Amino acid sequence: MSYSPNDIEKKWQTIWSEKEAFEPLDDKTLEKKYILSMFPFPSGRLHMGHVRNYSIGDAMARYYRKQNYNVLHPIGWDAFGMPAENAAIKHGRHPKDWTYSNIAYMRKELNSLGLSFSETREFATCDELYTKWEQEFIIKMFEEKLLYRESTTVNWCESCHTVLANEQVEEGCCWRCDNEVALKEMPGYYLDIKKYSDELLDDLKLLEGKWPSQVLAMQSNWIGKSQGLEFSFTFSEASKAKLENKFEGFEVFTTRPDTVYGVTYTALAPEHPIVKDLIKNRLLERDIADKITAMGNMTEVERAKAQKEGYDLGITVIHPLTGEEIPVWTANFVLASYGGGAVMSVPTHDERDFEFATKYNLPMKYVISGGEEGSAYTGEGVLINSDELNGMKNTEAKAEIIKLFEAKNVGKGTTNYKLRNWGISRQRYWGAPIPFVHCDACGLVPEKVENLPIALPEDVEITGEGNPLENHPTWSNCACPKCGEKAKRETDTLDTFVQSSWYQFRYATHPNKWESCGIDKEDVNYWLGVDQYIGGIEHAILHLLYARFFTKALRDLGFIENIKEPFENLLTQGMVLMDGSKMSKSKGNTVDPDSLIEKYGADTARLFTLFAAPPQKELEWNDSAVEGAFRFIKKLYDRRTKVTIDTLPTIEQNALNKEEKIARVKVYEALKRSIDVYEKTFAFNTLIAGCMEALNALDKQKNEQVWTEGLYIITHLLEPIIPHVCAEISEELFESKNLTGGKIEILDEVFVQDTITLGVAVNGKRRAEIEVDAEASKEDIIAMAKESIPKWLEGKNVVKEILVPKKMVNLVVK
RNA sequence: GCCCGGGUGGUGGAAUGGUAGACACAGGGGACUUAAAAUCCCCCGGUCAUUGUGACCGUGCCGGUUCGAGUCCGGCUCCGGGUACCA
C-alpha cells in the first residue's frame, strides 16, 4: 500500500486519544520531565510559528516519554486580551463566544498535528475557575503590600483605550497595535516588582548556560542596576525664600561621583515638583512657563527625537563640597521617572551635559585629566581641579568621594535600577476583573475571598469607546466587603501577562484539585521547574520577567515553596520567514498549516519544520523543501517491505560485506547522535540528516537482517518527530516494540573496522588518501603515507610525523 | 552609542583544533514510460590545465597561536536582534 498520511494519521490520533496515551501519571516516585511550549493566544487559527513551537516541544516530550519518564506536556489558552474585543467591535461577536469558538477550532488543528498534549490539564485563562484563584493571589499581594494603587503618569494607548506597562512600550509605541503611546496621569494598580530587582538580577546567574545568553543580557539590561552616589543640593538662601521655604533642595543620583567637582549647573525634569511649583506661583515668565509645560507634555518618542532644550529656572543651589553657588535649569532630557528626576551636570565629562552646556553657553570645568578642550571626556584619568583629591585616579576617586559625602552626612552610596513597577491595570472588558471595591467610608477594600471569582458581566456593550465595565449600568454596584454599605466595584481588569505568569503552576496542579485550590504545593514541588520551556524570543523581557517575578512573589506569599526559577531551561525558537521576512497576514505571505496538513500530512509538516534549520535559528519557508520532506517519509514507508523478520535480529558482524557494514555504521551513528540531539543540542536537523544517510546506506545493500535492524532503529529515532508514520511502520513490522522500553543499546562492535581510510597531508595540506589495516602500527602507517605521496617528498626532509588516530597523517617537510 | 548574535556553494544548512561543504532543496544529464507523474542512477564551490587525472584558490577582511584554524586569540568590516538622553 502506498503512503497515505491522512489515513495513518487519523488512525493513530484516535488510538492515542482512546488510550489517553499522553496523560501524566500521579506516581511522584517516577522520574519526571516537564516540557512546556508557550501557550497560544486563541486568535482563530494556528500559524506556522505555532507549528514550529509545538513540533519542537512535542519531539522532546515524546522522546522522554519513550525513555520511561513521567512527562507533563500540557497545552492551554492565553485567552484574555484585546483582539477578542476588537472582534466584538468589528463583527459584533461577544468576546467570550469568539474566544471559546476559536479555542475549539484551534484545538482541532493541534489534534491534526498529532501533538502529544495532556487533554485533562487543558484550560483557558478566561475560565472563571482560573480567574478565581488569580484574584485570590492579587488580594494576597495587596495584603502583603506587594500590590498598591496609586495615581501617576502612565503610558496610555489611545487606540487600545488602555494603560500599558513599561515593558509593553516598544520604542514609544504600543506592543500590540504599534500606536504611539501618550503620557497620562491616572490611578492604577501596581505590582512591586522593584522589590525583587536584586533577586531577579542575581538569579540570572542560575540560568547561565540554560537560557540563551542574549535573553539573560536583555533581562539584565532591563533591570539596569547601577551603583553611584545620591546626594542633595541645598538651595541658596535667596532661592529658598523665592520658593517660600517649601523646598530645602533636591536629591540627585550620579554614577560618576568622581566628576562632582566639575558640576557647573543642575537640571530638573520638566515634570519635577519644584518646576511645577515655580510655574504655579508664576515665578517664571509666561512664555517660558508655557514652553516648559509643553516639554513636559511631549511623549517619550517625541522627547527622544527632540533637540536638547531647557530653561534657567532663576534659582540656585550650593555645591556641597566647594560651596559654590550654581544655577538650576530644567531640561527636556532629564527623565522624571529615574533617579528622582534631577541631575547634576558635568559638561566636561558627560556628552549630554556637554551638548546642553554648549547650546546655552554654560560654564565648564575639567576635573579629570586626559580630555581635550571643546569636548566631553568620558575616559579614565587622574583628578584635577578637585581640591585635596587632585592626582588620584578617577576610578579610585569614586569610592573616596562617596566616603567624603557620607562623612559630611550630605549623601550616600546607593544603587539605582531602570526597572519600574509593573502597572497591571487595563481599562478593558476582556480581562480578569481586579477584585477590589471602592467604599466611601472604608476606601480601597479587597473583595472577600469567598466571593471570588468576581466574574465579568455577560451583557455588555463593546463599542471601542471607553471602558465597557465602567459603562455597564449595574455591574459595578456592590456592597462594601468591610462595612456592607453601598460601594463601587473596580472596573479595571488585569493585564493579560498576569495570567501567563502562573500558568506553569496551574498545569502542574492535578486537575481534580482545580476546584479546591489555585496551586497545589506538592504537585508543583514534583513537577517544577519546567525542564524545558520553548517559545519565541519576543517574550525575552515581558512574559519571562513577569513569570520569574511572580514565581518569587508566590513563594514569599506561601503559595509555592522551594522554587527559585520557574523555567529551568529555555529554548528560544527562531521566526518562520517567507522570502526573508516574517510571515504575517498583513504581508499576505503566510502558509496555512491546515492546507499543508491536508496535502502532505502532519508528519511532513513536522519533519520539514525540524529539518530545515536548527530550532534556535530563523526558518525560511521553502515549498519544494517541504516536498523533499514528504519524499523522505514516503521512501521510509516504502522500505518497510524490505523487512520480513519481526524482531530485532542478532547480527554476525564478521559475516557482513562492506556495504552492509557501512549501513550498520550509519544506523548506529544516528543512534549515537540522537542522545545529544534530544537531550542537549536540539539540532534535530542533524539527527534527521543522519537518518537520511542511514536510509541511503541501507538502500545500497540487500541484507534482510541489516534492513530490519536499520528500520527498527530509524523509526525509533524519528518517532518523536514523525510519530504517525513511525507508529504505523513499527506496529506493522515490530509490534511497536521499538517505541517503548527505553534506549536501544549502542553496539560498539559495529564501529570496529578492518581497515581505516586516512587522509595524508603534507604541511597540513591534504595530498592523498590511504587505506590501512585497523591494527597497523604507527610506523607502518607513516611508511605507507610516505609511499602514497612520493612527489611531495622529493628532495625534502620529513621533520615531523603526526598521526591523528583514525583520521589522518600529517607530514611536516622542509 | 551600548549590549548580544552571526557572516561557509545558486539556496537551507553540516563539520569534539584533524580529509570544509554531510544531509537536503534548486539546477544539469540519464534510465523506465507512447507520454506524463512517480521512482531510480550520475554530476553539481571557483579557476586553470587535462588522458586517467592534477595543480592552485576558497568558510567576510587583516594579522597571530599551532604540525594543522570555518573552529582558538587580537584588530577591523558588514548584516541581524535588543536597547536607547537611565545621569
Side-chain angles (χ1 to χ4, degrees), chain A residues 2 170-172 212-222 224-226 228-229 252-256 259 266-267 300 303-306 308 331-335 337-346 349-353 355-356 378 416-420 537-538 540-541 572 574-575 577 608 611-614 616-629 631-632 634-635 638 669 676 683 685-696 699 757-769 791 798-813:
Chain A
S2 70
E170 293 171 351
E171 290 178 15
S213 62
Q214 54 169 328
V215 176
L216 297 177
M218 281 162 75
Q219 291 223 350
S220 168
N221 290 339
W222 190 263
K225 183 176 185 170
S226 60
L229 168 70
V252 297
F253 172 75
T254 180
T255 55
R256 294 296 306 275
T259 65
T266 64
E300 282 194 33
R303 276 197 228 193
K305 284 181 194 151
K308 291 210 175 9
N332 63 346
F333 66 91
V334 180
L335 302 176
S337 53
Y338 184 81
V343 295
M344 68 174 210
S345 297
V346 185
H349 302 291
D350 183 285
E351 303 279 0
R352 297 157 300 184
D353 296 345
E355 196 187 325
F356 191 77
T378 55
N416 243 315
Y417 301 86
K418 286 194 215 175
L419 184 68
R420 294 181 223 168
I537 186 87
E538 66 272 19
I541 294 172
T572 49
M575 284 190 302
L577 305 180
F608 167 76
F611 180 58
Q616 298 87 344
K617 277 194 76 168
E618 295 183 331
L619 170 70
E620 177 71 37
W621 192 262
N622 181 333
D623 283 329
S624 46
V626 175
E627 290 272 356
R631 273 202 296 271
F632 171 73
K634 232 172 13 176
K635 183 165 149 185
D638 174 70
E669 271 176 357
D676 237 31
N685 54 328
T686 64
L687 174 61
I688 295 164
C691 290
M692 288 173 170
E693 273 188 77
L695 193 62
N696 291 344
D699 254 337
T757 307
L758 295 175
V760 180
V762 178
N763 293 339
K765 274 187 196 262
R766 182 179 174 276
R767 297 298 176 188
E769 202 173 81
K791 76 177 198 188
V798 176
V799 295
K800 199 164 181 181
E801 297 154 348
I802 292 145
L803 172 66
V804 184
K806 293 177 186 169
K807 299 268 173 159
M808 63 180 302
V809 176
N810 189 17
L811 301 172
V812 184
V813 305

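Chain letters run A, B, ... following the sequence lines, proteins first and then strands; every chain starts at 1. Computed from a predicted structure; not experimentally measured.
Residue-level contact check: Pro614(A) touches the backbone only, with heavy atoms under 4.0 Å from sugar-phosphate atoms and none from bases. Residue contacts shown for Ala694(A) are absent, as no nucleic acid heavy atom lies under 4.0 Å away. Residue Asn810(A) is in base contact, counting any heavy-atom pair closer than 4.0 Å across all strands shown. Gly339(A) comes within 4.0 angstrom of no nucleic acid atom, judged by non-hydrogen atoms across all strands. The residue Val334(A) sits close to a base: some heavy atom pair falls under 4.0 Å. Using a 4.0 Å heavy-atom criterion, one finds that Thr757(A) contacts the bases of the nucleic acid, with or without backbone contacts as well. Using a 4.0 Å heavy-atom criterion, one finds that Met218(A) contacts the sugar-phosphate atoms exclusively. Residue contacts shown for Glu620(A) are absent, as no nucleic acid heavy atom lies under 4.0 Å away. No contact: Tyr417(A) has no heavy atom under 4.0 Å from any strand. Within the nucleic acid shown, Lys765(A) comes within 4.0 Å of sugar-phosphate atoms alone, with no base atom in reach, counting heavy atoms only.
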Would you please test Leu811(A) and Glu801(A) for side-chain contact (heavy atoms from CB on, under 4.5 Å) and show each step?
-> CA-CA 5 Å; Leu811(A) 301 172; Glu801(A) 297 154 348; 3.7 Å; yes
Show your working on side-chain contact (heavy atoms from CB on, under 4.5 Å) between Asn221(A) and Ile541(A) and close with a plain yes or no.
-> CA-CA 10 Å; Asn221(A) 290 339; Ile541(A) 294 172; over 6 Å; no
Where do Asn696(A) and Lys635(A) land on the side-chain contact (heavy atoms from CB on, under 4.5 Å) test, with the steps shown first?
-> CA-CA 10 Å; Asn696(A) 291 344; Lys635(A) 183 165 149 185; 3.0 Å; yes
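Looking at which nucleotide of RNA chain B each of Ala217(A) and Arg767(A) is closest to, the 5′-most match is held by Ala217(A). Remark on RNA chain B: of its neighbouring residues Glu769(A) and Val812(A), the 5'-side contact belongs to Glu769(A), judged by nearest-heavy-atom nucleotide.
Two residues are said to be in side-chain contact when any heavy atoms from C-beta on lie closer than 4.5 Å; Asn416(A) and Thr255(A) fail this criterion. A heavy-atom distance below 4.5 Å is found between the side chains of Thr259(A) and Met344(A). Looking at heavy atoms from C-beta onward, Met692(A) lies in side-chain contact with Phe611(A) at the 4.5 angstrom threshold.
Taking atom C1' on both G70(B) and G58(B), the two are 11 Å apart, rounded to the nearest angstrom. G74(B) and G5(B) are spaced 13 Å apart, taking the P atom of each and rounding to whole Å. Rounded to the nearest Å, the gap between the C1' atom of C2(B) and that of C56(B) is 45 Å. Comparing the C1' positions of G28(B) and C78(B) gives a spacing of 34 Å, expressed to the nearest Å. Comparing the P positions of A37(B) and C57(B) gives a spacing of 44 Å, expressed to the nearest Å. For the C1' atom pair drawn from G68(B) and G64(B), the interatomic distance equals 15 Å after rounding to whole Å. Between the P atoms of G21(B) and U59(B), the separation comes to 14 Å (whole Å). Separating the C1' atom of G27(B) from that of U11(B) is a span of 11 Å, rounded to the nearest Å.
With distances taken from any side-chain atom of Lys635(A) to the nucleotides C40(B), A15(B), C25(B), the minimum falls on C40(B). Picking from C25(B), C4(B), A14(B) the nucleotide with the shortest atom distance to the side chain of Asn685(A) gives A14(B). If you check G13(B), G18(B), A87(B) against the side chain of Met808(A), the one that comes closest is G18(B). With C85(B), G12(B), A26(B) as the choices, the nucleotide that has an atom nearest any side-chain atom of Ala612(A) turns out to be G12(B). Candidate nucleotides U83(B), A26(B), C23(B) were compared by shortest atom distance to the side chain of Arg631(A), and A26(B) ranks first. Which of A38(B), C67(B), C23(B) sits closest to the side chain of Lys634(A) comes down to A38(B). Distance from the side chain of Glu693(A) is smallest for C23(B) among the nucleotides C23(B), C85(B), C67(B).
Between Ile541(A) atom CD1 and U83(B) atom C1' there is a gap of 8 Å when expressed in whole angstrom units. G13(B) atom C1' lies 7 Å from atom NZ of Lys617(A), rounded to whole Å. Atom-to-atom, CG of Leu695(A) to C1' of C40(B) comes out at 14 Å; the value is rounded to the nearest Å. Between the CZ atom of Arg303(A) and the C1' atom of A84(B) there is a distance of 15 Å, rounded to whole Å. Regarding Leu803(A), its CG atom lies at a distance of 14 Å from the C1' atom of G68(B), rounded to whole Å. Rounded to whole angstrom, the span from the CG atom of Asn332(A) across to the P atom of A84(B) amounts to 17 Å. Straight-line distance from the CZ atom of Phe608(A) to the C1' atom of G13(B): 12 Å, rounded to whole Å. Counting to the nearest Å, the C1' atom of G12(B) and the CE atom of Met692(A) are 12 Å from each other.
When Watson-Crick and G-U wobble pairs are counted only if both distances are under 3.5 Å, A55(B) pairs with U47(B). Nucleotide A37(B) has no partner under the Watson-Crick or G-U criteria, as no pair reaches both atom distances under 3.5 Å. Across the strands present, U83(B) finds its partner in G1(B); the criterion is a Watson-Crick or G-U wobble pair with both atom distances under 3.5 angstrom. Remark: G10(B) base-pairs with C25(B). Criterion, Watson-Crick or G-U wobble with two distances under 3.5 Å. In this structure G18(B) sits in a base pair with C67(B), meeting the Watson-Crick or G-U test at under 3.5 Å.
Lys807(A) has no side-chain polar atom (N or O) that falls below the 4.0 Å cut-off from OP1 or OP2 of G18(B). Applying the 4.0 Å criterion to OP1 and OP2 of A22(B), one finds that Asn696(A) has every side-chain N and O outside that range. One finds no side-chain N or O of Arg766(A) lying less than 4.0 angstrom from the OP1 or OP2 phosphate oxygen of A20(B). Within the structure, a side-chain polar atom (N or O) of Ser213(A) is placed less than 4.0 Å from OP1 or OP2 of G5(B). Contact annotation: Ser345(A) side-chain N/O to A87(B) OP1/OP2 distance is not under 4.0 Å.
Remark: Ser220(A) OG to Lys418(A) NZ distance equals 9.5 Å, nearest 0.5 Å.
In this structure G21(B) sits in the anti conformation; its chi angle is more than 90° from 0.
Between the Asp350(A) side chain and the Ser345(A) main chain, no donor and acceptor come within less than 3.5 Å of each other. With hydrogens and angles disregarded, a donor-acceptor distance shorter than 3.5 Å links the side chain of Asp353(A) to the backbone of Val346(A).
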